[in-house]
2 protein chains.
Amino acid sequence: MESNSSQNVLFQKIVAFTAAVHEVTHELTSGVKNEDVTPAQYKILEYMMLSQPVTPSEIADCVGLSLPNTSRELRKLLEKKLCEKAVDHSDRRRQLFRLSEDGQAMMNRIFAQVQKGFEQRIAGLSNQELTELEAAITLLQQTVFRQ
Amino acid sequence: MESNSSQNVLFQKIVAFTAAVHEVTHELTSGVKNEDVTPAQYKILEYMMLSQPVTPSEIADCVGLSLPNTSRELRKLLEKKLCEKAVDHSDRRRQLFRLSEDGQAMMNRIFAQVQKGFEQRIAGLSNQELTELEAAITLLQQTVFRQ
DNA sequence: CCTTTTGGTTATCAAAAGATAAGTAAAAGG
DNA sequence: CCTTTTACTTATCTTTTGATAACCAAAAGG
């Protein structure tokens, strides 16, 4: 069937694409290992950059860790003073985590470096092309990579 | 500066997008853990799916492992009979790895499941939209996520 | 030839991540 | 009230991953 085989081609493209995304982000976040955080801890901090404050359950869900392991990594981040903890007064079982000042500073440092890497990759694109790029990201995020 | 702040917005979008790609691929490849391979081993097998045969050096480069650790994981995959090894006769230092029949079958099984997951995500898109999707992937891969 | 470089392997150790059991405290629901 | 559920923590053990040193054999290059 025609639509089936073209779907296969599209699928192959998606697989190759996701592999490329993984490889490029791995390369660009390689500066993280200069900082004193493990990859799992970085993922947690990155998630906090996008959404604050967050509970351990939310982190576990979105980062793909079990709740006990999330709790352990959060404790380590607290020990490193990269995040802060507070109880949710409307439900005192819930713990609210946010980046500390140090954590913010560290993530800003890392993000600045990652941003530099991305900017090198899109340097030389015209405004028209940048607009198309943004539209492409929006489209993919609304279809294939929606949550 | 206008172009600078719009670049920041684009960067934020890229960060959120890459996080979404990681999360979705993690979710869709969750069936991998029914099979007897670790995440690192899966990455190697996935790379072999896209390009065969491959040498340990190529794998190390593309998958982001050190050569000794790549060699270790390849040995484990050989023990599991998921790949095969042969010397390159034109340069007998080089070792050529490819998927075994079992490995092919396993990856086909996993890919079929992943493909099903992706197809659910793009079900209901018109042919026009699918074409746009493919164009969007091509654009991103040629700019931001090129290697 | 002989040295150096390249491609790969083996071994070993430490760190990180995954899994699971058992526990605490607050909230929800009869 | 009393029980159950939810949210989280602690502890422990195993597996996986990362890093490094030492090694071998083939090729490259004088």
Side-chain angles (χ1 to χ4, degrees), chain A residues 22-23 26-27 29-48 51 53-80 82-98, chain B residues 22-23 26-27 29-48 51 53-80 82-98:
Chain A
H22 279 90
E23 203 175 320
H26 179 268
E27 186 190 325
T29 58
S30 63
V32 171
K33 58 180 176 297
N34 299 330
E35 312 280 350
D36 181 28
V37 283
T38 69
Q41 287 163 15
Y42 176 73
K43 277 176 96 176
I44 293 176
L45 295 175
E46 189 185 74
Y47 180 56
M48 284 184 191
S51 152
V54 284
T55 67
S57 304
E58 289 165 344
I59 296 171
D61 270 0
C62 292
V63 175
L65 285 170
S66 70
L67 200 48
N69 291 336
T70 302
S71 187
R72 175 184 58 198
E73 298 310 318
L74 283 170
R75 182 175 46 72
K76 289 178 186 171
L77 289 173
L78 284 171
E79 285 165 2
K80 292 175 189 172
L82 293 173
C83 69
E84 289 166 352
K85 182 184 183 177
V87 294
D88 179 348
H89 290 298
S90 74
D91 179 347
R92 283 161 48 209
R93 289 170 304 183
R94 284 161 49 93
Q95 305 294 319
L96 302 175
F97 286 83
R98 45 168 51 83
Chain B
H22 279 90
E23 204 174 321
H26 179 267
E27 186 190 325
T29 59
S30 64
V32 172
K33 57 180 178 297
N34 298 330
E35 312 280 351
D36 180 30
V37 283
T38 68
Q41 286 162 16
Y42 176 72
K43 278 175 95 176
I44 292 176
L45 295 174
E46 189 185 73
Y47 181 55
M48 285 184 191
S51 153
V54 284
T55 66
S57 305
E58 288 166 345
I59 297 171
D61 270 0
C62 291
V63 175
L65 284 169
S66 69
L67 199 49
N69 292 336
T70 301
S71 185
R72 175 183 60 199
E73 298 310 318
L74 283 170
R75 181 175 47 73
K76 290 179 186 169
L77 289 172
L78 284 172
E79 285 165 3
K80 292 174 188 171
L82 294 172
C83 69
E84 289 166 351
K85 182 185 182 176
V87 293
D88 178 349
H89 291 298
S90 73
D91 179 346
R92 282 160 50 209
R93 289 169 304 181
R94 284 160 50 93
Q95 304 295 319
L96 301 176
F97 286 84
R98 45 169 49 83

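Naming convention: chains lettered A, B, ... in sequence-line order (proteins, then strands); numbering from 1 in each chain. Remember, it's a predicted structure, so these values are computed and weren't measured experimentally.
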- Quick one: is B:T38 getting a side-chain N or O under 4.0 Å of the D:dT17 phosphate, OP1 or OP2? yes

- Message: Categorize B:R75 for me: base, sugar-phosphate, or nothing, with a 4.0 angstrom heavy-atom threshold over every strand shown.
- Response: sugar-phosphate

- Query: Does A:H89 or A:N69 map to a spot on DNA chain C nearer the 5' end, using the closest nucleotide for each?
  - Reply: A:N69

- Message: Rounded to whole Å, how long is the line connecting atom NZ of B:K76 with atom P of C:dT9?
- Response: 14 Å

- Message: Any side-chain to backbone donor/acceptor pair from A:E58 onto A:T55? Under 3.5 Å, distance only.
- Response: yes

- Message: By the 4.0 Å heavy-atom rule, please label B:K85 as base, sugar-phosphate, or nothing.
- Response: sugar-phosphate

- Query: Between C:dA16 atom C1' and A:Q41 atom CD, what is the distance in whole Å?
  - Reply: 9 Å

- Message: Is there a side-chain contact between B:V54 and B:M48 in this structure, where contact means two heavy atoms from C-beta onward sitting under 4.5 Å apart?
- Response: yes

- Task: Specify the separation, in whole Å, of atom CD of A:Q95 and atom C1' of C:dA26.
- Result: 11 Å

- Message: Looking at B:R92 and C:dG7, is any side-chain donor or acceptor paired with a base atom of the opposite kind under 3.5 Å?
- Response: no

- B:D36 atom CG, neighbour heavy-atom count above 12 within 6.0 Å: no

- When we call it a touch if two heavy atoms are under 4.0 Å apart, what does B:P39 touch: a base, just sugar-phosphate, or nothing? sugar-phosphate

- What is the distance from CZ of B:R94 to P of C:dG7, rounded to the nearest Å? 8 Å

- B:D88 or B:S66: which one's nearest nucleotide on DNA chain D is closer to the 5' end? B:S66

- Query: Using 4.0 Å as the upper bound for N to carboxylate O, is an ion pair formed by B:E73 and B:K76?
  - Reply: yes

- At what distance, to the nearest 0.5 angstrom, does CD of B:E46 lie from OG of B:S51? 12.0 Å

- How close or far is atom P of D:dT16 from atom OH of B:Y42, stated in whole angstroms? 17 Å

- Task: Determine the contact category for A:T70: base if any of its heavy atoms lies under 4.0 Å from a base atom, sugar-phosphate if only primed atoms, P, OP1 or OP2 are that close, otherwise nothing.
- Result: nothing

- Winner on side-chain proximity to A:R72, out of D:dG18, D:dT9, D:dT12, is D:dT12

- Message: Please pick, from C:dA19, D:dT17, C:dA27, the nucleotide with the shortest atom-to-atom distance to any side-chain atom of B:A40.
- Response: D:dT17

- Upstream residue (5' side of DNA chain D) when A:L67 and A:K33 are each assigned their closest nucleotide: A:L67

- Task: Report yes or no: is there a donor-acceptor pair, N or O only, under 3.5 Å between the side chain of B:D91 and the base of D:dA26?
- Result: no

- Note on the structure: Separation of D:dT15 atom P from B:E73 atom CD, nearest Å, is 14 Å

- Item | Flag, side chain of B:T38 to backbone of B:Q41, donor-acceptor distance under 3.5 Å | yes

- Could you say whether B:T55 or A:V37 is positioned toward the 5' end of DNA chain C, judged by the nucleotide with the nearest heavy atom to each? B:T55

- Atom-to-atom span, CG of B:L74 to C1' of D:dT17 - whole angstrom: 15 Å

- Let me know the distance between CZ of B:R93 and C1' of D:dC23, rounded to the nearest Å. 16 Å

